[in-house]
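As the structure lists them, so they are numbered: ligands from 1, and atoms in each ligand from 1. These numbers were taken from a predicted model, which means no experiment stands behind them.
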Amino acid sequence: VAPVKPLPAYVNWKNPDAMIVHSSSTLETKRGAFGSSIVTPTNQLYIRNNLPAPDASIVADRDSWEVAIEGVKNPRTFKVKELKSMGLETTAMVLQCSGNGRGYFPSKPSGTPWQVGAAGCVIWSGVPVRALTEALGGMADGMQYMTGTGGEKLPEGLDPKSVIVERSVPAKAMADALLAWEMNGEPIPLAHGGPLRLIVPGYSGVNNIKYIKRLAFTEAQTDAAIQAHGYRVSPPGQKGDPSQPSVWEMGPKSWINSPAPENGSVQAGIAQIKGVAFGGVHAVKSVEVSVDGGKSWKTARLVGPDLGRYAWRQFVLPVKLEPGTYTIACAVTNAEGSRQPENRMENAGGYNNNSWRDHALTITVV
Ligand code: MSS
């Protein structure tokens with residue numbers, strides 16, 4: 001058994017029993033900690049930082065944090081306090097690291113070997129980027145991307161472009177994007193991007209810029225390394241480059257949280273097979289469960305309220321199990337009719353793994 005690492009100081013308020021500490025900048029939610037109540041409690045949500053978080057002094061006076069809005073007809077800088085008077089929307093969305101599921105790649109790509117827990121369903125409140133853009137006269141002509149820049153202090157002696165957390169997404173993603181100051185009913189903790197975070201529903205984790213200091217509509221994608229070379233879906237063995245797809249829209253994905261091998265053996269009789277499912281950028285239509293490794297499937301029941309197309313749904317299927325060994329799997333189909341794929345798309349970085357086969361679990365019933 002690997003030794004259990006303590007929680008890093010800046011997130012010592014996380015529930016230690018719910019977290020797997022990979023490193024000081026990568027903490028994963030345990031499969032058994034997702035519960036059945038849809039929203040992931042903040043003290044159990046995963047953490048991924050590409051740079052050390054800024055000093056906690058930036059959340060001492062949240063309302064005075066400033067963000068520059070550029071690439072609009074009338075660019076200007078706002079304090080969070082002013083943003084709060086410009087509009088309000090609340091959105092539930094799946095926040096998922098692009099590398100979630102990397103741990104199932106047999107090629108062992110470098111990076112954190114996340115299993116299922118670099119994801120959570122989170123409720124954010126803030127001003128719609130669309131409302132803000134309209135108030136500033138609309139996007140400037142010819143802009144193709146929405147580019148967000150993180151407010152970290154950059155390590156000295158390095159080319160800023162090689163370390164800055166700056167990401168571009170297609171400008172159309174603005175339609176549902178927020179500049180958020182609240183998460184799960186509380187001011188966003190520093191570790192999750194307070195005082196202000198860009199939320200791009202349906203897009204993978206890295207596009208959701210924490211402590212955002214600049215939001216710009218741009219003609220081209222940023223040439224920061226994290227965009228140009230990092231987070232690209234590159235063929236195995238190749239380096240990332242701007243010609244390859246970036247990790248943007250998420251695909252449909254589901255996994256089983258219980259029963260699971262880590263929770264020990266299962267008693268014969270009726271088992272409630274349960275888990276979470278999301279449709280990527282589209283709503284969940286249905287979830288199927290298999291107890292024979294994908295030979296036959298049954299439709300599960302969706303549990304609890306529907307928090308919108310970017311949230312995940314909990315699902316359950318009661319199944320009678322005799323003693324034996326079972327490979328249990330699940331697959332979601334979204335409102336557009338795309339079904340979660342059987343196999344992962346091989347890539348050098350271990351990104352975007354939504355293979356149902358990789359996520360299947362083998363359980364023993366006694
Ligand atoms: N932002 C910033 N500013 N910085 C950093 O580092 N990271 C990313 C995002 N954003 C960052 C940012 C990532 S990468 C992720 S996942 C996310 O975030 C996470 O979140 P949380 O809150 O959970 O920690 Mo992968 O794709």
Just need the protein heavy atom nearest to atom 4 (N) of ligand 1, so name the residue and atom and give the distance.
E152 OE2, 2.6 Å
Exactly one candidate in W312, W356, W114 meets ring pair (Phe, Tyr, Trp, His ring centres under 6.0 Å) with W255; the answer is W312
Counting non-hydrogen protein atoms only, what is the nearest one to atom 25 (Mo) of ligand 1? Give residue, atom name and distance.
C97 SG, 2.5 Å
Take the angle between the ring planes of W13 and H192 and call it parallel below 30°, perpendicular above 60°, tilted in between.
perpendicular
Does F105 have R344 sitting over its ring (NZ/CZ under 6.0 Å from centre, angle to axis within 45°)?
yes
Closest non-hydrogen protein atom to atom 23 (O) of ligand 1, residue and atom name please, with distance?
Y46 O, 2.8 Å
Contact atoms of ligand 1, heavy-atom distance to L51 under 4.0 Å
6 (O)
Does ligand 1 come near enough to Y211 that some N or O of the ligand is less than 3.5 Å from an N or O of the residue?
no
Quick check on Y231 - does any of its heavy atoms sit under 4.0 Å from an atom of ligand 1?
yes
Consider every N or O of S98 and every N or O of ligand 1, then say whether any pair is closer than 3.5 Å.
yes
Taking side chain as C-beta onward, heavy atoms only, is T147 less than 4.5 Å from F217?
no
Tell me the closest heavy-atom pair linking R232 and G240, and the distance in Å.
CB-CA, 4.1 Å
N49 heavy atoms within 4.0 Å reach ligand 1 at atoms 6 (O)
Using a plain distance cutoff, I'd like to know if Q96 has any nitrogen or oxygen under 3.5 Å from a nitrogen or oxygen of ligand 1.
no
Distance-only side-chain donor-acceptor flag, T299 / E288, under 3.5 Å
no
Scan side-chain atoms only and decide if S125 and T90 contain a donor-acceptor pair under the 3.5 Å cut-off.
yes
Taking heavy atoms and a distance under 4.0 Å, where does N207 meet ligand 1: side chain, backbone, both or neither?
neither
What protein heavy atom sits nearest atom 9 (C) of ligand 1, and how far away is it?
G205 O, 3.4 Å
Distance to the ring centre below 6.0 angstrom and angle to the axis at most 45 degrees; does that hold for R76 and F78?
yes
Report the part of L95 in contact with ligand 1, treating N, CA, C, O as backbone and CB onward as side chain, heavy atoms under 4.0 Å; options are side chain, backbone, both, neither.
side chain
the protein heavy atom lying closest to atom 20 (O) of ligand 1 turns out to be R197 NH2, 3.0 Å
Atom 1 (N) of ligand 1: which protein heavy atom is closest, and how many Å away?
K210 N, 3.0 Å
Of all protein heavy atoms, the one nearest atom 11 (C) of ligand 1 is N50 OD1, 3.6 Å
Of all the non-hydrogen atoms in the protein, which one sits nearest to atom 22 (O) of ligand 1, and at what distance?
H192 ND1, 2.6 Å
Subset of ligand 1 atoms that lie under 4.0 Å from at least one heavy atom of G150:
3 (N)
Among residues at least two apart in sequence or on other chains, which ones pass side chain to side chain donor-acceptor pair (under 3.5 Å) with N263?
none
Would one find an N or O of V206, backbone or side chain, under 3.5 Å from an N or O of ligand 1?
yes
For a side chain to side chain contact (heavy atoms under 4.5 Å, CB included) with M345, tell me which candidate from N353, N352, V233 qualifies.
V233
Here the pair of heavy atoms bringing N100 nearest to G117 is OD1-N, 3.5 Å
